[in-house]
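One structure below.
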Amino acid sequence: MSKRLGLSLAMTAFGVAFGAAIGGAALAQQQNIAIATGGTGGVYYPMGGGMANVLSKHLPGINATARVTGGSVDNLKLVGTGQSEVAFTMVDAARDALKGEDKFKGNPVELRTLMVLYPNRMHVVSVEGKGIDKMSDLKGKRVSTGSPGSATEVMAFRVIEAAGLDRDKDLRRERLGVAESTNALKDGKIDAYFWVGGLPTAAVTDLGATPGVKLKLVDHSDVVEKMNAKYGAGLYSKGVIPAKTYPGQDKDNQISVVQNILVADAKMPEKQVYDIVKTLFEKRGDIALAHGEAKAIVLDTQTKANTTIPWHPGAEKYFIEAGAKM
């Protein structure tokens with residue numbers, strides 16, 4: 001072999017090895033971020049998918065994915081065990097997790113708020129022909145109170161209690177997610193279901209659009225004061241699902257509301273949180289393409305008044321710089 005050929009082969013080998021080393025280093029620097037969301041029939045999952053796409057596209061070194069889960073309670077446990085880095089949750093479930101109460105008894109989770117998202121509206125869903133016009137009509141009925149591990153279940157139990165009903169004695173209770181609840185109601189297997197989510201929720205839209213079905217949403221805003229008296233002032237508020245939000249919905253539905261927040265473990269590095277929050281907030285228009293509730297993510301709502309969970313220093317730093325009155 002000539003010296004020239006030998007030198008050429010050596011240089012080629014060096015180039016391949018150098019390229020492999022650089023590629024390996026780049027891969028080593030990639031960090032996977034799992035965003036715990038909810039079921040496919042709700043709002044958390046599509047919005048979480050939008051967030052994952054934004055982070056993966058615009059934040060160098062990050063590969064983010066949206067994780068299907070049972071909902072807030074599951075999400076908080078995933079953060080607590082390090083199986084998800086970021087999670088969607090309702091404030092009431094997060095408060096229980098932080099304090100180590102209820103479903104987190106003896107296992108508190110050191111959470112921090114990254115961002116206030118949008119108001120979660122409690123839906124009490126039925127259809128005509130079931131004889132359910134008000135909360136007291138649920139007595140003796142077959143009712144789904146949400147899937148195990150969901151914040152729907154947490155809030156449903158509180159609404160039921162404040163309405164003067166016993167969840168175990170007065171209801172024939174099922175534990176189904178929103179998509180499964182909708183199918184069960186269509187099939188006549190249940191009479192009503194609870195679901196707390198954004199507007200519109202795909203599964204409720206599907207129910208209202210079903211031929212031969214007339215959607216009924218049950219008013220229950222009168223329970224809010226009792227819920228706050230027991231579980232914490234300002235945790236819940238009164239709200240409305242406006243008429244025509246869903247097919248066949250003829251009038252405003254008076255409801256209870258709780259905020260949704262994005263959280264992470266308190267130990268997540270400040271710089272990483274700053275970068276994640278900055279990217280998500282500044283690209284929230286892209287996230288809104290995945291679900292319109294992302295339009296509710298605005299600077300004015302990023303305050304301590306909207307979450308009972310302490311803010312992560314990285315998130316607080318970004319929002320103060322952006323002009324939020326924390």
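Every heavy atom of this structure was used, including side-chain atoms; hydrogens, water molecules and symmetry mates were not. Note that the coordinates shown come from a computational prediction; the quantities given were computed from them, not determined experimentally.
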| field | Ring geometry between Phe319 and Trp311 (parallel below 30°, tilted from 30 to 60°, perpendicular above 60°) | value | perpendicular

| message | As a quick check of understanding, evaluate side chain to side chain donor-acceptor pair (under 3.5 Å) for Asn306 and Thr301, giving each step before the final call. | response | CA-CA 7 Å; Asn306 280 326; Thr301 63; 5.0 Å; no

| Under 6.0 Å between the ring centres of His220 and Phe194? | no

| said: With rounding to the nearest 0.5 angstrom, report the NZ to CG distance, Lys186 to Asp206. | reply: 3.5 Å

| remark: When rounded to the nearest 0.5 Å, the distance separating CE of Met268 from CD1 of Ile276 is 4.5 Å

| Euclidean distance, Arg173 CZ relative to Asp166 CG, rounded to 0.5 Å | 9.5 Å

| request: Apply side chain to side chain contact (heavy atoms under 4.5 Å, CB included) to the pair Val240 and Asn253, showing each step before the final yes or no. | output: CA-CA 5 Å; Val240 175; Asn253 179 213; 5.9 Å; no

| Counting distance only, does the side-chain N/O of Thr152 pair as donor-acceptor with the main-chain N or O of Val196 below 3.5 Å? | yes

| said: Please evaluate residues Gln31 and Gln272 with respect to the criterion side chain to side chain donor-acceptor pair (under 3.5 Å), reporting the C-alpha separation (whole Å), side-chain torsions for both, the decisive distance (0.1 Å), and the verdict. | reply: CA-CA 11 Å; Gln31 182 177 359; Gln272 184 178 43; 2.7 Å; yes

| task | Please check if atom NZ in Lys130 has more than 12 non-hydrogen atoms from other residues, nucleotides or ligands closer than 6.0 Å. | result | yes

| Should we say atom NZ of Lys214 is surrounded by more than 12 heavy atoms from elsewhere, each under 6.0 Å from it? | yes

| query | Should we count NZ of Lys226 as having more than 12 external heavy atoms under 6.0 Å? | reply | no

| Hey, are His312 and Tyr318 close enough side-chain-wise for a donor-acceptor pair under 3.5 Å? | no

| Pair Lys134 + Asp137, salt bridge at N-O below 4.0 Å | yes

| Within 6.0 Å of CD in Glu225, more than 12 heavy atoms from elsewhere | no

| remark: Between Gln254 and Asp219, the two heavy atoms sitting closest are N-OD1, 2.8 Å

| note | Exactly one of Asn120, Thr201, Thr182 clears side chain to side chain donor-acceptor pair (under 3.5 Å) with Trp195, and that residue is Thr201

| message | Could you check whether Glu270 pairs with Arg112 (Lys NZ or Arg NE/NH1/NH2 to Asp/Glu carboxylate O, under 4.0 Å)? | response | no

| Interatomic distance, His58 atom NE2 to Asp275 atom CG [nearest 0.5 angstrom] | 14.0 Å

| message | Against Leu207, only a single residue in Asn183, Val125, Val178 fulfils side chain to side chain contact (heavy atoms under 4.5 Å, CB included); can you say which? | response | Val125

| query | Run the side chain to side chain donor-acceptor pair (under 3.5 Å) check on Tyr118 and His291 step by step: do they pass? | reply | CA-CA 11 Å; Tyr118 62 93; His291 198 286; over 6 Å; no

| request: Indicate whether any N or O donor in one side chain lies under 3.5 Å from an N or O acceptor in the other, for Tyr236 and Arg158. | output: yes

| task | Answer yes or no: does atom NZ of Lys216 have more than 12 heavy-atom neighbours from other residues, nucleotides or ligands under 6.0 Å? | result | yes

| Distance under 6.0 Å and angle within 45° of the ring axis: does Lys317 meet both against Tyr274? | yes

| Salt bridge check: are Glu293 and Arg121 linked by an N-O gap of less than 4.0 Å? | yes

| Backbone N/O of Pro242 and side chain of Asp252: donor-acceptor pair under 3.5 Å | no

